[in-house]
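Being a predicted model, the structure only gives us computed values, none of them experimental. In what follows, every heavy atom counts, from backbone to side chain, and hydrogens, waters and symmetry copies are set aside.
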Amino acid sequence: MEQLKIDLHSTVTALSSSLDLVGIDEVKHGKRVAIMAKNVARELGWSKADCLTLMHAGMLHDCGVSRVQEHRLISETLEWDGAEAHCIRADAYLRACAPLAHLAVDIRYHHTRWEKLQSLPLNETTRLRSNLIYLADRADTLQLPFIGSEQILLEYPAIVDYARKQAGRMFAPELVEAFAHAADEEAFWLSMDPEYLDEELAEFSSHQTQITLNMDELRALALLFSRIVDAKSHYTEEHSERVAKIARYLAEQLGRTGPVLDLIEIAGLLHDIGKLRVDEAIIEKPGPLTDREYACIRRHSYDTYRILRRVFGHTPIPVWAGYHHENLLGLGYPFKRAPKEIHLEARIVSVADIFQAFAQHRSYRGRLAKDEIIGHLQALVAQGRLDAQVVGALIDHADECYRLATA
């Protein structure tokens with residue numbers, strides 16, 4: 001597979017849904033910021049292309065946030081001293097991802113006050129886009145308790161008043177004026193209802209946002225989100241990237257060639273994207289998990305499957321990634337698939353995932369030696385859970401797999 005055609009708007013929307021998982025209890029923040037910013041931009045007469053770019057930046061503005069506690073501090077505090085850290089991370093992530101690199105600078109400064117923005121070496125367009133995302137972001141923080149309720153119609157004047165008081169300080173005066181005018185319509189606030197939000201976003205999805213990505217660009221897109229997932233805890237640092245390398249290597253040893261190798265690498269990079277929903281307190285817990293905590297862990301592979309279907313639904317990537325906790329006894333999760341339904345590629349991702357996890361320090365144990373990990377894998381084969389052929393290939397190339405898992 002040298003190239004793949006995707007709808008950029010639909011892809012960004014799906015990736016925004018994965019970021020929503022970090023909120024756990026508060027979801028669709030990025031989408032509301034996108035719609036609110038777009039409505040203000042229209043009030044200012046910005047072009048449709050500029051509005052679309054702004055929406056994409058709005059949906060991905062929090063891609064530097066992986067940890068639930070950080071998300072809560074940002075979303076519950078109007079001005080938090082630590083907010084800039086996630087802007088810097090987002091800027092680095094996006095600059096390394098060619099299809100989305102054009103959004104980096106606007107997102108880098110989306111928590112910078114207007115009075116400071118004016119002194120930075122930025123062009124006026126960047127200042128206004130960044131500041132508009134900031135304005136929409138803070139307005140959403142204020143409206144959060146009332147979303148989906150008619151109470152917002154009683155509360156929104158206070159939100160507009162807050163923005164007006166910050167004109168020239170936090171926010172550009174011209175943006176505040178446009179926001180106040182647009183926000184005077186009740187429809188501005190009612191469109192934020194979760195029931196209508198996705199319809200608002202879908203209106204922008206069309207053939208006009210179809211782009212063709214080469215494999216390097218697709219890999220960069222997948223790597224962006226694998227880094228967000230793995231940043232949830234230092235215990236999972238580079239886990240997805242290493243799983244992807246091991247999976248591709250094993251697939252090659254098992255005779256897979258060409259496009260399949262690229263697809264399995266992307267599946268490996270994205271296999272844990274559903275873990276964004278899992279509180280890092282669970283991932284970092286040093287002792288046994290409660291039933292409820294384990295249930296939180298178990299659902300992540302289903303969330304992975306659903307999210308990837310929206311972007312890669314015409315490829316086997318959602319299945320190969322989403323099935324990485326299935327097993328050959330039909331007792332895995334989330335689907336309890338029979339062995340004949342579990343593709344070799346999904347079996348490879350599963351083995352690569354287990355091998356790399358054992359080779360990594362975790363909160364509840366240290367890193368295991370290569371021979372110790374092989375013993376665990378052989379035991380799982382003996383129980384009928386893992387594919388003997390895949391594990392055999394790993395054992396035959398154990399030194400290289402261990403290097404990929406740890407180097």
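Ion pairing between E79 and R138 fails under the 4.0 Å rule for side-chain N and carboxylate O. The pair D216-R219 counts as a salt bridge, with a side-chain nitrogen and a carboxylate oxygen less than 4.0 angstrom apart. With respect to E345 and R256, a salt bridge is recorded, a charged nitrogen being found less than 4.0 Å from a carboxylate O. Electrostatic pairing of R67 and D279 does not count as a salt bridge here, judged by no charged N lying under 4.0 Å from a carboxylate O. The pair E70-R89 counts as a salt bridge, with a side-chain nitrogen and a carboxylate oxygen less than 4.0 angstrom apart. Electrostatic pairing of R403 and D399 does not count as a salt bridge here, judged by no charged N lying under 4.0 Å from a carboxylate O.
Residue E284 comes nearest to S233 through the heavy atom pair OE2-OG, 3.0 Å, listed as atom of the first residue, atom of the second, then distance. Residues V229 and T236 share a closest heavy-atom pair of O-OG1, 4.4 Å. Between V33 and D137, the closest heavy-atom pair is CG2-CA, 3.7 Å. The nearest pair of heavy atoms linking A251 to L261 is CB-CD2, 3.7 Å. Closest heavy-atom contact between L54 and K38: CD2-N, 4.1 Å. Across every non-hydrogen atom of S16 and M59, the tightest pair is OG-O, 3.4 Å.
Qualifying side chain to side chain donor-acceptor pair (under 3.5 Å) partners for Q253, counting only residues two or more places apart in sequence or in other chains: H397. Residues passing the salt bridge (Lys or Arg N to Asp or Glu O under 4.0 Å) test with E252, sequence neighbours excluded: none. Every residue meeting the ring pair (Phe, Tyr, Trp, His ring centres under 6.0 Å) condition with F179, not counting sequence neighbours, appears here in chain and number order: F188. Partners of V105 by side chain to side chain contact (heavy atoms under 4.5 Å, CB included), not counting sequence neighbours, listed by chain and number: R95, Y109, L122, T126. Legend: residues meeting side chain to side chain donor-acceptor pair (under 3.5 Å) with K245, ordered by chain and number and at least two apart, are absent.
E84 and H111 are not linked by any side-chain donor-acceptor pair at a separation below 3.5 angstrom, with hydrogens and angles left out of the test. No hydrogens or angles considered: nothing links the side chains of H29 and D20 as a donor-acceptor pair under 3.5 Å.
At most 12 heavy atoms of other shown residues, nucleotides or ligands fall within 6.0 angstrom of atom CZ in R292. Heavy atoms from other residues, nucleotides or ligands lying under 6.0 Å from CZ of R164 number 12 at most. In this structure, K285 places its NZ atom where more than 12 heavy-atom neighbours from other residues, nucleotides or ligands lie under 6.0 Å away.
A ring-centre distance under 6.0 Å is found for W189 and Y156. A centroid separation of less than 6.0 Å is found between the aromatic rings of H110 and H86.
Using cut-offs of 30° and 60° on the angle between ring planes, the pair H376 and F358 is parallel.
No side-chain heavy atom of V351 sits less than 4.5 Å from a side-chain heavy atom of L380.
Proximity of a side-chain donor or acceptor of R169 to a complementary backbone N or O of K165 within less than 3.5 Å is detected. Side-chain atoms of H361 do not come within 3.5 Å of backbone N or O of G366 as any donor-acceptor pair. Side-chain atoms of H271 come within 3.5 Å of backbone atoms of G268 as a donor-acceptor pair (strictly under, hydrogens ignored).
Each salt bridge (charged side-chain N to carboxylate O under 4.0 Å, His left out) pair with one or both residues in residues 222-237, not counting sequence neighbours, appears once here: K232-E280.
Cation-pi check for R337 over F335 is met; the charged atom lies under 6.0 angstrom from the ring centroid and within 45 degrees of its normal.
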